[in-house]
Amino acid sequence: MGKPKLLLIDGNSLAFRAFYALINQVDRFVNHDGLHTNALVGFNNLLDGIVDPFEPDKALVAWDAGKTTFRTNAYDNYKGNRDKTPQELVEQFEPLREMVRLHGITNYELADYEADDIIGTMAHAGVESGYAVTIVTGDRDMRQLVDDDITVWITKKGISEIDKYTPAEVADVYGGLTPKQVIEVKGLQGDPSDNYPGVPGIGEKTAIKLIQEYHDIPELYEQIDMMKKSKRKENLIQYKDDAFLSRDLARIRLDAPVTLDLDDLAYRGIQYQDLIPFYQHLDFKQQLVKLANQGYTITGTQNESNPTVKLNVAPLTANNLAHVEALQDDVDFYVELDGENYHRAAIVGFVIGNQQQGYLASRDLELLSQDTPVKRILENNKIKKNVFNSKETFVALHRYNVDLTGVDFDLLLVSYLLNVNDNSNDLGTIAHEHNYFDVQTDDEVYGKGAKFAIIDNDTDFFEHLGRKAQAIGALKQPLMQKLDEHEQTDLYTEIELPLTFVLAHMEINGITVNAERLLGMQSKLTERLSELEQTIHQQAGHEFNIQSPKQLGVILFEEMGLKPLKKTKTGYSTSVEVLEQMTDVPLVASILQYRQLAKILSTYVDGLLRVIHGSDSKVHTRYLQTLTQTGRLSSIDPNLQNIPVRVEEGRQIRKAFEPQQAGWSLLSADYSQIELRVLAHITNDEKMRQAFINDEDIHAATARRIFGLAEDAVVDSNLRRQAKAVNFGIVYGISEFGLAKNIGTDRKTAKSIIDTYLNEYSGVKKWTEEIILDAREKGYVETIAHRRRYLPDIKAKSFNARSFAERTAMNTPVQGSAADIIKIAMIKMQSVMEQKQLKSKMLLQVHDELIFEVPEDELTLMHKLVPEVMDSAVKLTVPLKVETHEGKTWYDAK
DNA sequence: CGATTCACG
DNA sequence: ACGTACGTGAATCGT
């Protein structure tokens, strides 16, 4: 057996280190009571990472007792230049001690002494009693305590890494000196952070050299007369007192009047049962998940009435289908897929049941898709189903001939509405967010990335599925209650949930893409690109990778000597806005051309060809309904919301999008200026409202106001363009700088334009001020349908973070309300089309635009019907305006 | 896997 | 003195 282990931890130094390591995110680490937790998080990681694996026999965390110590008594200015400890850290000191206690470690502090002195004293007491001592600190000066029985661990990079010092390592760093000589070095060197002087002109390097020669400060001064005449010698003589003072201040005391006995320091190990409520108080979700995975029972803090239910899951077979038949009313259901894209992925298992009667799981898809009780329940509108991601569930089941209906609760969707910041798609992660810990994440169970694999073992697989279904059921009541408290029940039941199934139908229907046309474009583009490539290499004088901004930067800004107008984190920027300003250089013009064509080819031509389904010649996008911060949809795999339109060459891509039947047309319907109309409505600005009520050209009307033109003046295109930029700027949460950059003017002009704008549209001005105050007070902003976005940074100390939050506060109600409106229109449109039994299909949504495929005999009707439904989706104090276009391809529907 | 660039509203 | 327009997704480079 080795010696018993004594662990001494420098609480103050490490708390400061932990606090400042996460100082940039101090406002992100706040618990539900407003307590900052960044230092607590770091300290906890340290305790978990060091103490518990270390298994000490005795352990102590030492703290500073107060502001005054024997050092401040000896030297008035000691630490006199330190800023006051920030309040955000001060409030963490008590909980830090509690955390230490719950980790089974004794806290200690001593009046008039610093934590260092307690540690020094206890370290020596430990050595005398035969302990191997380890000291953990962020303070490099503690290395003076190292000896054969004392090792000092110093955290670096904040607190994530550790350097371990034995006498050999100290000698390495200090040019062969002993740990005790560290004090002598410090004496000569002084310490600016503790505000004590040392000898001027002597830094660490020189100090080490002198101590190597003279061993310590007293000996140095005994022999100082023999030293060669120099400025350094003069300083040493002049500042002799300072040297001795510094040396004294730097020396950690080994004889502090500590009232502790080693027996008081027995390490008690982690106090799990008490640590759980403590972590819950701090909102340490990850720690709680860890504890839950270790088998500790976590009961919800916000939901005491819903204690952990024991899992009851069994394999479903043809023999016990009767148990499924018995399920009524509220049924929890979950399907597992073997991939992300539910248009292609296979169902690999499912589970059905409820908390009272338990769960039945299976891999046998016949039990799902044949005429079984499972299918009957899923297709029964009267039986409420609770699921996680009903769009995925619906689409997947649809491919297995099951028509899911009667979905009442969608955990993913509700969780998103409650807080759009929690953008995880994983059931386990989301459950943990809501303080439910009886389920693991898929990453934990199946592995992530290349390691992903559905588990073979039935027992483990069914348990995971069962826990997922159980989590869905358990979270239904509390989350629905929260929706109600947020006044979001209508948003959920009237908009988001019905929309899910509208989107599912659009995705399943897909849109036809003409592969031949794309292949034609592919060969033409490939040819043009290889010609351009040759030209570019000639213009550059040698070959290089045109697609590498790094290589291009070297050529333009080093070899050719062009002036870099902008830089990025990693080097020169070569983006369009930079290159467009140097198009007189032939190479640059070629590069711009190349980039444009390469983008069209790789992202759109090749990209689309890759995702056309062989079976139906269509692409089936997936709309993400639970991702954006504003309530918009996003579209992936392929993204059909960013098909080129602004530049003709890219716009050609749209010719490949066709209706699914010959003779049909594509019809597009877009809201005109929906965001500005929403702005006029929300701000209730009279002038802006009148402009829309009179169906004026809003950008021209704005130009007349901000440039002081007559009411009937003709507005030239340049002024209109600037006014348009200002209108956009207002929607985005304007800044002088942003506007100046956008319209290419100076900041002063931009400021005066903005001032005039806000003066003219005084309702807008009033609203922007109010919405920021409102966000500060409530912590969130809302859309017209009560979609909510939290803005924790609205009170941030960082100017950047706070400004961003303020612009978001202005933009989100506008962008988000526009999203609400088109979502409502989509639901109504789908319902009207079904009711009228039309053959037309809604295919795509592009934020303010809907695209349909329409048979010849429904064209006239749809041109009338679609705008009617869209412009009456909600009643605002300004009219909504919708324009329609039709054509044989998407390109022609303009 | 982050950074850069560029496509859309 | 700070360093900015809002919201997205995909391809590519290079560590």
Side-chain angles (χ1 to χ4, degrees), chain A residues 420 423 449 544-553 566-580 591-592 594-608 610-611 621-624 627-647 649-651 653-654 670-676 679 725-743 747 750 754 781 789 796-816 818-819 822 844-850:
Chain A
V420 294
N423 54 2
F544 70 104
N545 185 346
I546 305 170
Q547 312 233 59
S548 163
K550 198 179 166 192
Q551 293 181 33
L552 179 62
K566 200 178 132 192
K567 43 184 187 180
T568 64
K569 276 184 202 168
T570 52
Y572 312 112
S573 171
T574 66
S575 63
V576 253
E577 55 165 322
V578 173
L579 297 192
E580 265 174 355
I591 295 280
L592 284 170
Y594 184 94
R595 283 229 181 118
Q596 196 184 88
L597 298 182
K599 175 85 177 178
I600 296 168
L601 179 61
S602 68
T603 304
Y604 297 103
V605 176
D606 293 345
L608 279 171
R610 230 177 292 137
V611 291
T621 187
R622 280 140 62 215
Y623 288 105
L624 302 188
L627 181 136
T628 70
Q629 300 293 296
T630 55
R632 276 187 174 185
L633 301 175
S634 87
S635 157
I636 59 168
D637 202 11
N639 180 356
L640 296 180
Q641 293 182 317
N642 72 345
I643 302 299
V645 67
R646 294 171 193 169
V647 175
E649 275 165 307
R651 194 171 189 152
I653 292 287
R654 296 187 171 220
D670 64 293
Y671 281 111
S672 162
Q673 307 297 351
I674 187 165
E675 292 195 347
L676 284 174
L679 181 71
V726 181
N727 278 329
F728 270 94
I730 293 290
V731 169
Y732 294 157
I734 198 143
S735 74
E736 297 161 25
F737 185 92
L739 180 67
K741 198 169 108 185
N742 200 291
I743 62 176
R747 260 174 94 149
I754 293 170
V781 291
R789 180 177 186 178
K797 290 195 173 36
S798 143
F799 174 87
N800 262 339
R802 191 175 63 250
S803 303
F804 186 37
E806 289 173 355
R807 292 197 296 274
T808 310
M810 297 185 249
N811 174 261
T812 295
V814 177
Q815 189 182 117
I822 195 165
L844 303 175
Q845 187 251 44
V846 192
H847 309 306
D848 62 355
E849 177 186 12
L850 295 176

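Computation of the quantities below employed the complete heavy-atom set of this structure, encompassing side-chain atoms and omitting hydrogens, waters and symmetry-equivalent molecules. Residue numbering restarts at 1 for every chain, and letters A, B, ... go by the order of the sequence lines.
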Where the side chain of [X] is concerned, which of [options] is the nearest nucleotide?
X	options	value
A:N545	C:dG14, C:dG7, C:dG9	C:dG14
A:Y732	B:dG9, C:dT12, C:dT8	B:dG9
A:T630	C:dG7, B:dG9, C:dT4	C:dG7
A:P644	C:dA5, B:dA7, C:dG9	B:dA7
A:R646	C:dG14, C:dG3, B:dG9	B:dG9
A:K599	B:dC6, C:dG7, B:dC8	B:dC6
A:T628	C:dG9, C:dT8, C:dG14	C:dT8
A:T603	C:dT4, C:dA11, C:dG9	C:dA11
A:S634	B:dG9, C:dC6, C:dG9	C:dG9
A:D848	B:dG9, C:dA5, C:dA11	B:dG9

Considering only the P atoms, how many Å lie between B:dT5 and C:dT4, rounded to the nearest integer? 14 Å
Spacing of the P atoms in B:dT4 and C:dA5 (rounded, Å): 14 Å
Contact between [X] and [Y] at the side-chain level, heavy atoms closer than 4.5 Å - yes or no?
X	Y	value
A:F728	A:E675	no
A:Q845	A:I822	yes
A:L627	A:N423	no
A:L624	A:L633	no

Rounded distance in Å - [atom1] ([X]) to [atom2] ([N]):
X	N	atom1	atom2	value
A:R622	C:dG9	CZ	P	11 Å
A:L579	B:dT4	CG	P	15 Å
A:I546	B:dT4	CD1	C1'	17 Å
A:K566	B:dT5	NZ	P	7 Å
A:F728	B:dC8	CZ	P	13 Å
A:M810	C:dA5	CE	P	14 Å
A:N742	C:dG3	CG	P	21 Å
A:N642	B:dC6	CG	P	14 Å

Establish, with yes or no, whether the OP1 or OP2 oxygen of [N] is under 4.0 angstrom from a side-chain nitrogen or oxygen of [X].
X	N	value
A:K550	C:dT15	yes
A:Q596	B:dA7	no
A:R807	C:dA5	no
A:R610	C:dA11	yes
A:R595	B:dC6	yes

Answer yes or no for this row: A:F799 ring on C:dC2 base, centroids under 5.5 Å, planes under 30°. no
With sugar-phosphate meaning primed atoms plus P, OP1 and OP2, does [X] contact a base, only sugar-phosphate, or nothing at under 4.0 Å between heavy atoms?
X	value
A:T812	nothing
A:A809	nothing
A:I643	sugar-phosphate
A:G729	base
A:E849	nothing
A:N639	sugar-phosphate
A:V814	nothing
A:L633	nothing
A:V846	sugar-phosphate
A:R651	nothing
A:E675	nothing
A:F804	sugar-phosphate
A:I636	sugar-phosphate
A:S803	nothing

Check if the side chain of A:R789 and the base of C:dG7 share a donor-acceptor pair of N or O atoms closer than 3.5 Å. no
Can you say whether a donor on the side chain of A:Q815 sits under 3.5 Å from an acceptor on the base of C:dC6, or the other way round? yes
Could you grab the distance from atom [atom1] of [X] to atom [atom2] of [Y], nearest 0.5 Å is fine?
X	Y	atom1	atom2	answer
A:E806	A:F799	CD	CZ	8.0 Å
A:I591	A:Q596	CD1	CD	13.5 Å
A:I754	A:I730	CD1	CD1	6.5 Å
A:Q815	A:Y732	CD	OH	8.0 Å

Under a 4.0 Å N-O cut-off, is there an ion pair linking A:R595 with A:E649? no
Distance-only polar pair, side chains of A:T621 and A:S635, donor-acceptor under 3.5 Å: yes
Contact check, residues 570-578 of chain A vs DNA chain B, heavy-atom distance under 4.0 Å, returns A:T570, A:S573, A:T574, A:S575, A:V576
Could you let me know what C:dC2 is paired to, Watson-Crick or G-U wobble, both distances under 3.5 Å, or none if it's on its own? none
Write down the atom of A:N545, the atom of A:Q551, and the distance for their closest heavy-atom approach. N-OE1, 2.8 Å
